[in-house]
Structures are given as structure tokens and as C-alpha cells.
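Because the structure is a prediction, the values reported are computed rather than measured. Residue numbers count from 1 along this sequence. Whatever order the structure lists them in is the order used to number ligands and atoms, beginning at 1.
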Amino acid sequence: MIYADNAATTKMSDAAINKMIEVAKETYGNPSSLYEFGQKAKEALELAREKVACLIGAEPREILFTSGGSEADNQAIRSAAKLGEKAGKKHIISTAFEHHAVLHTLEKLKSEGFEITLLDVHEDGLVRPEEVEQAIREDTCLVTVMFANNEIGTIQPIKQIGEICNRHQVLFHTDAVQAIGHVPVNVADQNIDMLSASAHKFHGPKGVGFLYAKKSIRLSNLIEGGAQERGRRAGTENVPGICAMAEALSEAVANIEKNRDHIEPIRNRIIEGLSEIPHSALNGSREPRLPGNINFCFEGIEGESLLLLLDDKGIAASSGSACTSGSLDPSHVLLAIGRVHDVAHGSLRLSLGEDITDEDADYIISAVKEVVEYLRSFSPVWRNLVAGKGKFIL
Ligand SMILES: *Cc1c(COP(=O)(O)O)cnc(C)c1O
């Protein structure tokens, strides 16, 4: 079996699992309790906070632990919107290919009277910093642009966008869920005011993440209750999960270069192999791209059937994001980069992990070639195209 869906979630690392068990067994006190058991848990929690902060160039008090990336996105955007509203600024800039945790929050804000500008991400899947600058207005309170796209893996010019936002005194948030632990992220160097992360995308546990927010930013609560997380997120902290996340992030960050040097050549081998399939195309610019991301469209087939047949061959892949699969709508990301509906339906995302080998790559290439050919052999759309009734797009 080859697991090639690391953008959906990753396998927990041994170090993270061991940490989780150790903390669950030995540090089970409530961090808010004053006796020794509680204080031990509090110490573990704060050590994790220091670790995470240090790994992204932040201060410990700028890290707020959450239940994951979605919650961090919601809280960051809601907080900026509230601050904006107070100052009479109700315009937000984002992009058409954000994760739904961002897009759906923005839709809610729109119904609450905010104006939302979604920037074009062009055929290459890259936001243009100058277009961000052109979109900024007197009443803009937030720019939110993802660090790396979860479907097509393109890495955005975050540092430049952050610099522009700084210059215009507009808050800048980035959903860095796909980037963190995979490419270098440093909030100070990259001019980031707020950042969302999720442990299960870097070999940590599910249901844990964090929001970085510059200390000058007053966050609003999504959850009311106790005074945990400096009063910004009520509820007893998930101490084992948080400690395991810090462990996973340390490991991931320490191995970024080593992992990239291993994964990237294998990714390129697969891209070259799949490019040999007629009427296929890589989605998004080849560079700058996450080391493990491959996303293709194959004309004349359905992505869902492709996935099921690959599953039969022992390959776990995706047609896009886990949130979109199961629905019949084509991916909003592929539509955003200009793929037409028919073509966008025939998509395949492979997101490689550190354990991928050259043999796996060769197997994936031959399996995909075989399955695409098989599906096309009885696809009416494909037959029409071959018969000259209609035009190939790719
Ligand atoms: C997975 C993902 C999220 C959601 O994170 P959860 O921890 O699953 O809530 C948000 N944004 C991006 C880009 C993601 O890939």
C-alpha cells in the first residue's frame, strides 16, 4: 500500500505518539489546578508553547492553542473583522482558492455587512503581490492569503505580501497549515501578523493546532468559558495533544531540508512520468511548489473513478481536498486557476510523504497510466473527442 494523501492528513510520527502516551500517563493534571499535578501539566503546556513559538520565530505569548487549522482560521479572521469594524473598516482581501475554513468564514462576514475582494490566482496558482497592493483600500482591515495551497501545492509570495500589508498598516493573516513543517516558516522574517497551523498535517495528532497572533493584536473569543489561553479560548487544554504537536513540529522543522531533498526528486519523477499521458496537464506552477505535491488533470475521465481504481491497486490518493471529495462539484481551486468544469472533474492529487521511494514512484506512474487508459476506453466524452466531435482542451 502506498499512502499518497499527506495533504489530507499525515501518519503520526513515533516521537509524537510516544510523547502523547507519556504525557497522558504521567501528566494528567488539569493545568489550571494549583497543586503539584496541575502545575506539572501547566509546565508541560508552557514548554510546548515555547517550543512552537521558537520554531516559527514568535514569542510564547503569541501562540494560542486551538482544536486545529479550521478553528485558528475562524478565530484569526473573526478577530481582525471585529477590530476592523470598531475602526469603521469593513473590507477584507483574500483569494479565490483558500481553504473552506477561510472562504466560508468570509461568506458569513459578507452576510454581516463586510465587503470581500477575492483575488485572482491566475493559471499558475500564484497570487501577485502587486494585485494585493492595488486591492488595498482605506477601509481594508485584513488581507488573508494561504501560505501553500492544499490542492495544487503552490507556495505564495508571503513575505512580499506581508511587507505590503505592513506598509499599508493592514493586518495580514496566512493559513499556513500545508506549509508549516514542510517549508521554512518564520513569522518575523516573513512579515506575518497572524498564522494558522494544524498538527495532523505535520505528523502530529488530529484535533490540535495553533494560532499565532502578534502580541499587539487583541483576539476575540470563539468559545466563552474559563480563563484558559489568556482568556482567549476557554476549555481545558488538550495537554497530551499539544505536547505531541510540539514534538512533531520540532522533528518536522529539523528535517525540512533532508525531507525535501528526498521527496522533491521523486515528485519530479512522477510529474515527468504522468506528463507522458496524452491530454494531461499539471495543475499550478511547478515551482514554487510544496516538495510532495502533484496535481494533474486528465481529459475525458472522472477523478472519482480514477481514485477508486487506484485504491484497488493499493494507492491512496485524492481528487482534491478531502472536503470536496464526495460532492459532485469540481474543486473550487481548479476552477480558480481557470480549468473548465469537464477538465476539473478529471483531477488527481498525490501528496507524498517522507517514506516514499523510487519504486513507489514507478509503480504510481504505471498504475495511473493504466487506469487513465482504461477509463478513457469506455468514456463517451473521450470517444467524442477522439472522433473529432469536440475539441481537446489539454
Ligand atoms: C487541513 C487544512 C485546514 C483545516 O485544518 P484542520 O486541523 O483539519 O481543521 C485548513 N487549511 C488548510 C490549508 C488545510 O490544508
Side-chain angles (χ1 to χ4, degrees), residues 3-12 16 52 56 63-78 94-108 118 121 125-127 144-156 158 161 173-183 185 192 194-212 222-223 233 235 238 241-242 244-246 248-249 252 283-284 288-295 317-326 331-334 336-337 349-353:
Y3 183 72
D5 203 13
N6 286 275
T9 196
T10 58
K11 176 181 162 183
M12 275 182 77
V52 167
I56 65 161
I63 304 296
L64 180 93
F65 293 123
T66 67
S67 66
S70 300
E71 186 187 331
D73 283 340
N74 274 258
Q75 191 162 7
I77 294 168
R78 284 264 166 208
S94 188
T95 78
F97 76 163
E98 296 296 310
H99 190 271
H100 283 135
V102 169
L103 287 178
H104 290 172
T105 304
L106 294 177
E107 271 166 34
K108 268 268 174 66
L118 295 184
V121 292
L126 295 169
V127 176
T144 172
V145 174
M146 70 200 316
F147 206 118
N149 184 269
N150 48 307
E151 292 189 34
I152 59 174
T154 46
I155 300 170
Q156 306 306 316
I158 290 303
I161 296 172
H173 166 255
T174 185
D175 174 336
V177 172
Q178 290 290 333
I180 209 148
H182 301 279
V183 294
V185 173
I192 299 165
M194 289 190 279
L195 170 147
S196 307
S198 176
H200 77 100
K201 304 287 175 75
F202 53 79
H203 303 287
K206 291 165 183 62
V208 198
F210 66 89
L211 169 60
Y212 153 79
L222 295 180
I223 302 169
R233 204 249 181 198
N238 174 2
I242 289 166
M245 167 166 72
L249 190 58
N283 291 313
R289 190 181 192 94
L290 290 173
N293 178 286
I294 298 155
N295 191 315
S318 158
S319 61
S321 69
C323 324
T324 317
S325 47
S331 139
H332 71 286
V333 173
L334 298 181
I337 61 166
R349 177 186 72 186
L350 298 158
S351 40
L352 313 177

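Ligand 1 has no nitrogen or oxygen under 3.5 angstrom from a nitrogen or oxygen of V177. By the 3.5 Å distance cut-off applied to N or O atoms, N150 is not counted among the residues near ligand 1.
Residues L290 and I155 have side chains in contact (heavy-atom distance under 4.5 Å, counting atoms from C-beta outward). E71 has its side chain within reach of I223: a pair of non-hydrogen atoms, C-beta onward, lies under 4.5 Å apart. You'll find the side chain of Q178 stays beyond 4.5 Å of the side chain of F147, heavy atoms only. Counting heavy atoms from C-beta on, the side chains of S70 and V177 never come closer than 4.5 Å. Within the 4.5 Å cutoff, the side chain of M146 has heavy atoms near those of the F97 side chain. In this structure, the side chains of V208 and F65 stay at 4.5 Å or more apart for every pair of heavy atoms.
A side-chain donor-acceptor contact under 3.5 Å links T105 and N74.
Residue contacts with ligand 1 for M146 involve side-chain atoms from C-beta outward but no N, CA, C or O (heavy atoms, distance under 4.0 Å).
Looking at atom 11 (N) of ligand 1, its nearest protein heavy atom turns out to be D175 OD2, 2.6 Å. Here the heavy atom of the protein found nearest to atom 6 (P) of ligand 1 is G69 N, 3.5 Å. Here the protein heavy atom with the shortest distance to atom 3 (C) of ligand 1 is H99 NE2, 3.5 Å. Looking only at protein heavy atoms, the nearest one to atom 7 (O) of ligand 1 is S198 OG, 2.6 Å. The single protein non-hydrogen atom nearest to atom 4 (C) of ligand 1 is S70 OG, 3.5 Å, given as residue, atom name and distance.
Heavy-atom proximity to G68, at under 4.0 Å, picks out these atoms of ligand 1: 7 (O). Interface atoms of ligand 1 facing K201, defined by a heavy-atom separation under 4.0 Å, are 1 (C), 2 (C), 3 (C), 14 (C), 15 (O). Atoms of ligand 1 lying under 4.0 Å from any heavy atom of H200, numbered from 1 in the order shown and given with element: 6 (P), 7 (O), 8 (O).
Interatomic distance, R349 CZ to N295 CG, rounded to the nearest 0.5 Å: 7.5 Å.
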